[in-house]
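Residue numbers start at 1 and run along the sequence shown.
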Amino acid sequence: MSWQPAADPAAARPPKDVELVIIPRAHDVGGFEVRRALPAQERMLVGPFIFFDQMGPGEFLAGKGLDVRPHPHIGLSTVTYLFQGSIQHRDSLGSDQPILPGDVNWMTAGRGITHSERSSAEDRLTTRTMSGIQSWVALPKSAEETAPAFHHHPASTLPLAEEEGLRLRLIAGEGWGMRAPVATASPLFYADAVLAPGARVPLPDRHEERAAYVLQGEVSVGGDTFQPGRMLVFRAGDGLALTAGPQGARLLLLGGAAMDGPRYVFWSFVSSSRERIEQAKADWQAQRFAKVPSDDKEFIPLPETVRMRAGSPSQG
């Protein structure tokens, strides 16, 4: 999904066991509400995660649907993870793949890729609800110019742990004694955790940077309680666990190794080099990016109002 302009997420004063609390700001994408937690003014990255949007839940009436027209990426991997609904992914490699709840689409842009995300013709026949998470993972410098690639992983292929009121699916990376089949360019973890009332989930302590996004319910850490729609960023090394409130909770847990230097972001481009982003901007304007074979009649123009962002590991 392409970058859409939005106000910076706000940050609240953190309690003792949490380094930062990010409160996402909502913005509208074609009648579909999106809440952005990363990048924030106070924190641009958590491990390699440089973009984190909660999509919906939103309803598309019959005849309507999601239409994110073809747009480019460099220097990152996009990760689409749905809770409800479906999205048809198409890209310039020729991929044409429906994404269903629990599946993982891992698209590595590398030196450049173009893709679109739309509702299928079948989905537009009825009223549908859609919700999910769209995130970007910045590539290390050694992989920024790698060949673009796309991999689809059905939900049934992802590791799943169920014990003591906790149901945890590992979306990507390593954690909780499991390893996901998704190939990543740097050490990370990304998980979907559903907790029964009072159940606990520990944070993996071997990863340098860690965060949790509270999707549903309440969670407590060290005696402090947090509502839905909060991203909690934790200090390195602390042995912590999150406990669900009386209604249970659903969390997205993410993080990994700190990035190998600052990253610049402009629209849908991420790079360690400002000059490389300027080149990508020129390439998109000149239509030098490859087109999406089955979706080549439209495209999103290079925006004029988006400013370039820069941030270092562990900093805004």
Side-chain angles (χ1 to χ4, degrees), residues 8-24 36-54 75-79 81 106 108 133-144 168 170-180 182-193 201-215 219 221-222 224 226 229-242 251-265 270-272 309-316:
D8 284 335
R13 182 180 298 276
K16 60 183 178 64
D17 288 323
V18 178
E19 181 179 327
L20 183 67
V21 180
I22 299 171
I23 304 173
R36 179 164 302 150
L38 292 175
Q41 183 175 355
E42 297 80 8
R43 184 85 182 207
M44 191 166 184
L45 299 112
V46 176
F49 290 85
I50 197 167
F51 182 93
F52 188 97
D53 268 8
Q54 178 186 347
L76 56 83
S77 293
T78 66
V79 191
Y81 186 76
W106 193 280
T108 297
I133 301 293
Q134 180 79 24
S135 54
W136 298 351
V137 176
L139 295 173
K141 293 177 182 178
S142 61
E144 283 185 305
L168 185 144
L170 190 63
I171 300 169
E174 294 185 60
W176 301 275
M178 302 182 294
R179 179 187 296 223
V182 180
T184 64
S186 60
L188 61 85
F189 70 95
Y190 190 21
D192 174 11
V201 59
L203 288 171
D205 55 14
R206 65 180 294 269
H207 291 281
E208 184 178 358
E209 299 186 357
R210 304 168 298 170
Y213 185 77
V214 186
L215 184 73
V219 297
V221 183
D224 295 289
F226 301 93
R230 303 290 187 270
M231 178 171 278
L232 316 178
V233 182
F234 302 96
R235 298 178 181 87
D238 291 347
L240 298 173
L242 295 93
L251 310 171
L252 278 298
L253 306 164
L254 62 145
M259 289 304 296
D260 53 354
R263 288 299 184 273
Y264 297 96
V265 180
V270 172
S271 179
S272 60
R309 306 272 313 251
S312 300
S314 301
Q315 298 177 357

Margin query: Between I171 and V182, does the side chain to side chain contact (heavy atoms under 4.5 Å, CB included) criterion hold? Intermediate values first, please.
Written below: CA-CA 8 Å; I171 300 169; V182 180; 5.9 Å; no

Check: Given the rule in the side chain to side chain contact (heavy atoms under 4.5 Å, CB included) test, do M231 and R43 qualify, once you have shown the distances and angles that lead to the verdict?
Finding: CA-CA 11 Å; M231 178 171 278; R43 184 85 182 207; over 6 Å; no

Check: If you look at every heavy atom in V21 and R230, which pair is closest and at what distance?
Finding: CG1-CD, 4.1 Å

Checklist line | Considering all heavy atoms, the nearest A37-I22 contact | finding: O-CG2, 3.4 Å

Margin query: Measuring from atom OH of Y190 to atom OG1 of T184, what distance do you get when rounded to the nearest 0.5 angstrom?
Written below: 14.0 Å

Notebook entry, point to check: Is the backbone N or O of G261 less than 3.5 Å from a side-chain atom of R263, with the two atoms forming a donor-acceptor pair by type?
Noted result: yes

Notebook entry, point to check: Any idea which heavy atoms bring W176 and L253 closest together, and the distance?
Noted result: CZ2-CD1, 3.6 Å

Check: When rounded to the nearest 0.5 angstrom, what is the spacing between CG in L252 and CD1 in I133?
Finding: 4.5 Å

Margin query: Could you report the tightest heavy-atom contact between F234 and E19, atom names first, then the distance?
Written below: O-OE1, 3.7 Å

Check: What distance do Q134 atom CD and F52 atom CZ have between them, rounded to the nearest 0.5 Å?
Finding: 10.5 Å

Next item on the list: Going by the ring-ring contact (aromatic ring centres under 6.0 Å, His included) test, name the single residue among F49, F51, W106 that passes it with W136.
Entry: F51

Next item on the list: Write down the atom of L139, the atom of S77, and the distance for their closest heavy-atom approach.
Entry: CD2-OG, 3.7 Å

Next item on the list: Examine distances only and state if a side-chain atom of H207 and a backbone atom of L254 form a donor-acceptor pair shorter than 3.5 Å.
Entry: no

Margin query: For A191 versus L170, what's the shortest heavy-atom pair and its separation?
Written below: CB-CD1, 4.2 Å

Check: How far does CG of L38 sit from OG of S135, to the nearest 0.5 angstrom?
Finding: 9.5 Å

Check: Between the side chain of E42 and the main-chain N/O of L20, is any donor-acceptor distance below 3.5 Å?
Finding: no

Margin query: Would you compute the distance between atom CD1 of I50 and atom CE of M259 and round it to the nearest 0.5 angstrom?
Written below: 7.5 Å

Next item on the list: Answer whether the closest heavy-atom distance between the side chains of Q54 and P24 falls below 4.5 Å.
Entry: no

Next item on the list: Please examine the side chains of V233 and E209, heavy atoms only from C-beta on, and report whether any two atoms are closer than 4.5 Å.
Entry: no

